[in-house]
Amino acid sequence: MNKPHLLLARAVFPEIVDRLAQHFHVVSNQADEVWTQAQLIAKLQGQHAAFTTGGDRIDGDVLAASPDLRICANMAVGYNNFDLEAMTRAGVLGTNAPDVLTETTADFGFALLMATARRITESEHFLRAGQWTKWSYDLFAGADIHGSTLGILGMGRIGQGIARRGAHGFGMQVIYHNRSPLTPEIEADLKARYVSKQDLLAQADHLVLVLPYSPSVHHTIGAAELACMKPTATLVNIARGGIVDDAALAQALANRTIAAAGLDVFEGEPQLHPGLLRAANVVLTPHIASASLPTRLAMAHLAADNLIAYFSGKPLLTPLNPEVLSRDLTAPIRENSGHA
Ligand code: 8YV
């Protein structure tokens, strides 16, 4: 079989580029340029496959302009950068990278929660600025983690990882809201109780957002929801920008409607709402929840595994729209000597 053509839309570990080069004619982007949609379309011409990350939008326009494209493998568990319906209509397979990042991302969610509730970065900035002159009884006094009520919105694999850490590691009462409740067995294991969204907002001392983004959850947390939370509460978002109304959150932090927020994802990232940058009571990180080296490497290998499996006719590991597979879409590539 001739080698198919593959575009790597962003820079990735050199060993992944080398591995993929054994199976594909690779066009890589090791300079890590961030392309416009028009540049992405131009780069996709003649490509059968794309290795994408969360910032690479594969929509109807890209698909219409890229007739050779057969598969996009996302190095992310979230895939809101894919218009999956349009991909299915175009016969383009999408894959994501779940499971391999669950524990690393849950670790980070907990780290961000603790840094936020215990005011770790705020106090470090104070110290580095030379402002620490004496001990005081309430110097950076924050909220407790142990024994408090942990609310989780979105109880998939990562949400469950956070619940486990909270219940078993820190003796927290775990409440959650999700599209549907977990089984009683899983609830018992996690010591987690299903509640309405309203009760979650009202009862949580710390609320962690871990739900996948879709337009239906846009601004799930806005001014009205923030007003329902405790004034002592902490909000943590490791899910996606757009789930929180960042302007409303900046206002709520300024007004002390809630005590503090820990944010790894933002509306319009890498740009941030100026009110968030100004606020002292917020911990800000640049979308790094899955960023341990072993996990990022495992995510990249999983994306590569999917690409290699697809063109070798082997079962896909994590397909998102497996229905397109029944169309034997690799056949034209195998026969098409023009591209391979
Ligand atoms: C990725 C993520 O690093 O997996 C996800 O959904 O948000 C992160 O782990 C990011 O999307 C880049 O692909």
Side-chain angles (χ1 to χ4, degrees), residues 6-13 16-17 20 28-30 32-35 37 40 49-59 62 71-84 87 94-113 152-162 208-215 217-218 220 236-244 246 262-272 283-307 317-321:
L6 167 68
L7 177 70
L8 298 176
R10 294 295 305 276
V12 70
F13 297 94
I16 298 292
V17 182
L20 286 166
S28 63
N29 177 12
Q30 291 304 80
D32 209 23
E33 292 168 3
V34 178
W35 296 325
Q37 286 304 91
L40 176 62
F51 183 114
T52 55
T53 62
D56 306 311
R57 203 152 49 80
I58 304 295
D59 58 17
V62 170
I71 176 170
C72 296
N74 225 24
M75 185 188 145
V77 63
Y79 52 89
N80 55 302
N81 57 313
F82 287 172
D83 182 339
L84 202 60
M87 288 171 72
T95 66
N96 69 339
D99 300 322
V100 290
L101 48 50
T102 300
E103 298 304 327
T104 295
T105 306
D107 280 351
F108 187 87
F110 228 89
L112 193 52
L113 167 56
I152 301 177
L153 186 58
M155 202 55 150
R157 290 162 283 209
I158 297 169
Q160 291 177 37
I162 291 170
V208 183
L209 309 178
V210 211
L211 64 169
Y213 182 85
S214 68
V217 298
H218 190 72
T220 284
V236 171
N237 187 6
I238 56 165
R240 273 292 179 275
I243 290 175
V244 176
D246 283 355
L263 307 172
D264 187 49
V265 288
F266 307 89
E267 285 190 281
E269 65 186 49
Q271 306 303 319
L272 265 70
V283 179
L284 307 167
T285 53
H287 202 148
I288 56 168
S290 67
S292 74
L293 276 174
T295 289
R296 283 283 168 86
L297 188 59
M299 293 164 72
H301 272 298
L302 180 49
D305 290 343
N306 275 307
L307 291 165
L317 286 97
T318 51
L320 296 168
N321 52 350

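Here the structure is a predicted model, which is why all the values come from computation and not from measurement. Whatever order the structure lists them in is the order used to number ligands and atoms, beginning at 1. Numbering starts at 1 and runs along the sequence shown.
In terms of modelled atom types and a separation under 3.5 Å, the side chain of Asn81 and the main chain of Asp56 share a donor-acceptor contact. With hydrogens and angles disregarded, a donor-acceptor distance shorter than 3.5 Å links the side chain of Asn321 to the backbone of Gly94.
Partners of Ser28 by side chain to side chain donor-acceptor pair (under 3.5 Å), not counting sequence neighbours: none found.
At least one side-chain heavy atom of Ile162 sits less than 4.5 Å from a side-chain heavy atom of Ile238. In this structure the side chain of Arg240 reaches within 4.5 angstrom of the side chain of His287, judged on heavy atoms. Residues Thr295 and Val100 are not in side-chain contact: their nearest non-hydrogen atoms beyond the backbone lie 4.5 Å or more apart.
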Just the distances, no angles: every ligand 1 N or O to protein N or O pair closer than 3.5 Å, one line each.
{"from": "ligand 1", "atom 1": "3 (O)", "to": "Ser290", "atom 2": "OG", "distance (Å)": "3.3"}
{"from": "ligand 1", "atom 1": "3 (O)", "to": "Arg296", "atom 2": "NH2", "distance (Å)": "3.1"}
{"from": "ligand 1", "atom 1": "4 (O)", "to": "Val77", "atom 2": "N", "distance (Å)": "2.8"}
{"from": "ligand 1", "atom 1": "6 (O)", "to": "Val77", "atom 2": "N", "distance (Å)": "3.4"}
{"from": "ligand 1", "atom 1": "6 (O)", "to": "Gly78", "atom 2": "N", "distance (Å)": "2.8"}
{"from": "ligand 1", "atom 1": "6 (O)", "to": "Arg240", "atom 2": "NH2", "distance (Å)": "2.8"}
{"from": "ligand 1", "atom 1": "7 (O)", "to": "Arg240", "atom 2": "NH1", "distance (Å)": "2.7"}
{"from": "ligand 1", "atom 1": "7 (O)", "to": "Arg240", "atom 2": "NH2", "distance (Å)": "3.3"}
{"from": "ligand 1", "atom 1": "7 (O)", "to": "His287", "atom 2": "NE2", "distance (Å)": "2.7"}
{"from": "ligand 1", "atom 1": "9 (O)", "to": "Ser290", "atom 2": "OG", "distance (Å)": "2.6"}
{"from": "ligand 1", "atom 1": "13 (O)", "to": "Gly54", "atom 2": "N", "distance (Å)": "3.0"}
{"from": "ligand 1", "atom 1": "13 (O)", "to": "Met75", "atom 2": "O", "distance (Å)": "3.0"}

